[in-house]
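Below is one structure, written out as structure tokens; comments come after it.
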Amino acid sequence: MRTAVSTLSVERPRDLKHALKLLADSCASERLTPMAGGTDLFVYLNAGTQQGTRFLDLGGLRELRGVRAGREGSFTLGALENFRDLQRHAALAQAFPSLIAAAHQVGAEQIQNRATLGGNIANASPAGDSLPVLLAHDARVQVQSVRGSRLVAFAELYTGYRQLAVAPDELITAIELSAAPAGAVHFFRKVGTRAAQSISKVVFAGLLHLGRGGADHVRLAWGSVAATTVRSANTEAALLREKPSLAVADRARAALKTDIHPIDDIRSEGDYRLEVAGNLLAQFLRSAHVKYARD
Ligand SMILES: Cc1cc2nc3c(=O)[nH]c(=O)nc-3n(C[C@H](O)[C@H](O)[C@H](O)COP(=O)(O)OP(=O)(O)OC[C@H]3O[C@@H](n4cnc5c(N)ncnc54)[C@H](O)[C@@H]3O)c2cc1C
């Protein structure tokens with residue numbers, strides 16, 4: 001049953017310090033639910049599955065906004081940056097084309113105008129479109145509470161299905177990204193029921209850099225194939241120190257079957273997902289082969 005709006009209350013903090021205090025104080029009774037763009041939360045309210053009735057509106061927190069370029073091609077992205085904001089940032093698009101490709105795939109434009117990167121991370125759906133990109137780029141997530149701030153490696157952020165290594169009194173404030181090695185091949189592809197406005201059956205972000213002795217930097221990150229976003233270690237190992245070729249691609253595809261074991265669910269069947277994941281891997285390796293044959 002839909003949650004009655006009259007039962008809900010919203011706190012509007014003055015600044016981040018105030019927000020963290022309100023959040024910490026609320027943990028003793030009913031925890032305030034942080035609200036960013038609200039695109040997931042309103043779905044839960046509509047479905048009657050949202051647990052809390054008290055919300056902490058993050059919308060006015062300037063400390064959680066902005067895209068800042070750092071040293072050696074790194075970037076820090078405020079958690080409140082929405083996917084439309086990210087698409088508009090030319091330097092970010094240059095350094096992290098897969099993030100921008102993912103930003104274009106989140107729902108429709110109306111959703112992209114509100115949906116935030118921090119919300120996508122905190123919502124912790126294994127189908128979240130930005131998550132494989134963040135995993136492939138070894139992102140770090142800044143979290144803050146009244147107790148202080150810390151960085152969580154994205155690879156250690158999810159401890160199980162929709163479980164985050166973030167305490168109830170912590171907010172996600174920013175995401176740090178380091179540049180991929182210069183000349184690396186970036187790849188992002190989401191496969192859903194149709195091209196627009198669908199949740200993924202498989203979503204994949206790949207990064208590969210070829211050094212003198214073959215591939216020396218490989219990241220293969222997958223969404224919608226496990227309880228959390230995952231990398232495929234055996235497949236990456238099959239590619240390291242190799243030059244992309246048909247034979248290597250065949251070996252990698254075989255290794256992928258040992259890495260991921262997607263399940264059947266309402267959106268797709270496990271066997272189909274595995275087949276699609278193999279096709280995406282092959283497509284990525286073909287594009288790497290073409291690029292490095294040309295260069
Ligand atoms: C029609 C529709 C289509 C969609 N399509 C896609 C899609 O194609 N791909 C996709 O990935 N997602 C999709 N979504 C899901 C959603 O838009 C994204 O997950 C979005 O990024 C969530 O961000 P938000 O700011 O709206 O989060 P909110 O709804 O405000 O919050 C989501 C969760 O994150 C928590 N949270 C938010 N910000 C923070 C923070 N800074 N610190 C701690 N906790 C926080 C909230 O408490 C809540 O639990 C879709 C949603 C709708 C309604």
Side-chain angles (χ1 to χ4, degrees), residues 8 10-11 13 16 19-20 22-24 26-27 30-47 49-65 77-87 99 101-135 141-145 149-150 152 157-158 162-175 188-205 223-224 229 267:
L8 309 178
V10 180
E11 297 283 352
L16 177 59
L20 296 177
L22 287 170
L23 186 60
S26 75
C27 290
E30 185 197 320
R31 177 185 179 257
L32 287 164
T33 301
M35 182 169 67
T39 58
D40 280 312
L41 286 176
F42 274 87
V43 171
Y44 304 147
L45 286 169
N46 196 43
T49 55
Q50 169 62 28
Q51 298 294 316
T53 57
R54 302 179 61 221
F55 295 87
L56 182 65
D57 183 359
L58 307 181
L61 303 182
R62 293 174 54 188
E63 299 92 329
L64 269 59
R65 293 195 184 274
L77 314 177
L80 272 186
E81 289 300 300
N82 66 47
F83 289 107
R84 186 80 183 106
D85 295 332
L86 298 180
Q87 290 164 26
L99 183 62
H104 280 283
Q105 295 280 313
V106 176
E109 286 183 9
Q110 294 89 334
I111 293 293
Q112 292 162 19
N113 280 329
R114 287 211 56 90
T116 65
L117 185 59
N120 205 227
I121 295 169
N123 189 55
S125 161
D129 284 329
S130 70
L131 311 185
V133 180
L134 300 177
L135 186 59
V141 177
Q142 274 181 21
V143 296
Q144 285 194 47
S145 70
S149 92
R150 64 191 179 104
V152 185
L157 186 67
Y158 300 113
R162 302 199 100 147
Q163 302 292 314
L164 286 114
V166 174
D169 66 340
E170 287 178 321
L171 285 177
I172 296 174
T173 48
I175 295 89
F188 174 84
R189 178 103 192 258
K190 165 183 177 174
V191 175
T193 310
R194 54 179 190 262
Q197 280 274 46
S198 66
I199 309 286
S200 69
K201 292 171 185 281
V202 179
V203 51
F204 169 58
S224 288
T229 309
R267 264 181 252 123

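Sequential numbering from 1 along the given sequence is applied to the chain's residues. Scope of the values below: all heavy atoms of this structure, side chains included, with no hydrogens, waters or symmetry mates. Indexing begins at 1, ligand by ligand and atom by atom, following the structure's order.
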Between [atom1] of [X] and [atom2] of [Y], what distance do you get to the nearest 0.5 Å?
X: Asn123; Y: Leu41; atom1: CG; atom2: CG; result: 7.5 Å
X: Leu134; Y: Thr229; atom1: CG; atom2: OG1; result: 8.5 Å
X: Arg267; Y: Ser200; atom1: CZ; atom2: OG; result: 6.5 Å
X: Leu45; Y: Phe55; atom1: CG; atom2: CZ; result: 4.5 Å
X: Asp169; Y: Leu171; atom1: CG; atom2: CG; result: 9.0 Å
X: Arg54; Y: Leu8; atom1: CZ; atom2: CG; result: 12.0 Å

Closest approach of any protein heavy atom to [atom], naming residue and atom:
atom: atom 11 (O) of ligand 1; result: Asp129 N, 2.8 Å
atom: atom 27 (O) of ligand 1; result: Gly119 CA, 3.6 Å
atom: atom 46 (C) of ligand 1; result: Pro34 O, 3.0 Å
atom: atom 45 (C) of ligand 1; result: Ala122 CB, 3.4 Å
atom: atom 43 (C) of ligand 1; result: Ile172 N, 3.7 Å
atom: atom 38 (N) of ligand 1; result: Ala36 CB, 3.6 Å
atom: atom 19 (O) of ligand 1; result: Asp40 OD2, 2.6 Å
atom: atom 6 (C) of ligand 1; result: Gly107 N, 3.6 Å

Give the single entry among [options] that approaches [atom] most closely by any heavy atom.
atom: atom 31 (O) of ligand 1; options: Val141, Leu41, Leu32; result: Leu41
atom: atom 20 (C) of ligand 1; options: Gly38, Gly78, Ala115; result: Ala115
atom: atom 25 (O) of ligand 1; options: Thr33, Ile121, Thr116, Leu117; result: Thr116

Should [X] be counted as touching ligand 1, given the test is an N or O pair under 3.5 Å?
X: Thr39; value: yes
X: Met35; value: no
X: Gly37; value: yes

**Message:** Test: salt bridge (Lys or Arg N to Asp or Glu O under 4.0 Å). Region: residues 116-134. Which pairs qualify, not counting sequence neighbours?
**Reply:**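 Found Asp129-Lys190.
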So, [X] side chain and [Y] main chain: donor-acceptor pair closer than 3.5 Å or not?
X: Asn120; Y: Ser130; value: yes
X: Gln142; Y: Ser149; value: no
X: Asn113; Y: Glu109; value: yes
X: Glu170; Y: Val143; value: no

**Message:** Would Phe42 count as a contact residue for ligand 1, given that I'm defining contact as a non-hydrogen atom of the residue lying under 4.0 Å from a ligand atom?
**Reply:** no
**Message:** Between ligand 1 and Lys190, can you find any atom pair, the residue atom being a heavy atom, that is separated by under 4.0 Å?
**Reply:** yes
Numbering the atoms of ligand 1 from 1, which are under 4.0 Å from a heavy atom of [X]?
X: Gln105; answer: 8 (O)
X: Gly128; answer: 11 (O)
X: Val106; answer: 6 (C), 7 (C), 8 (O), 9 (N), 10 (C), 12 (N), 13 (C)
X: Phe83; answer: 21 (O)

With backbone taken as N, CA, C and O and side chain as the heavy atoms from C-beta onward, which portion of [X] lies under 4.0 Å from ligand 1: side chain, backbone, both, or neither?
X: Val43; result: side chain
X: Leu58; result: side chain
X: Ile111; result: side chain

**Request:** State which residue, out of Gln87, Gln105, His104, fulfils the side chain to side chain donor-acceptor pair (under 3.5 Å) condition with Gln112.
**Result:** Gln87
**Message:** Using side-chain heavy atoms (C-beta onward) and a distance below 4.5 Å, is Leu157 in contact with Val166?
**Reply:**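 Counting from C-beta outward, Leu157 and Val166 do come under 4.5 Å.
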**Asked** Does the side chain of Thr173 come under 3.5 Å of the side chain of Glu63 through a donor N or O and an acceptor N or O?
**Response** no
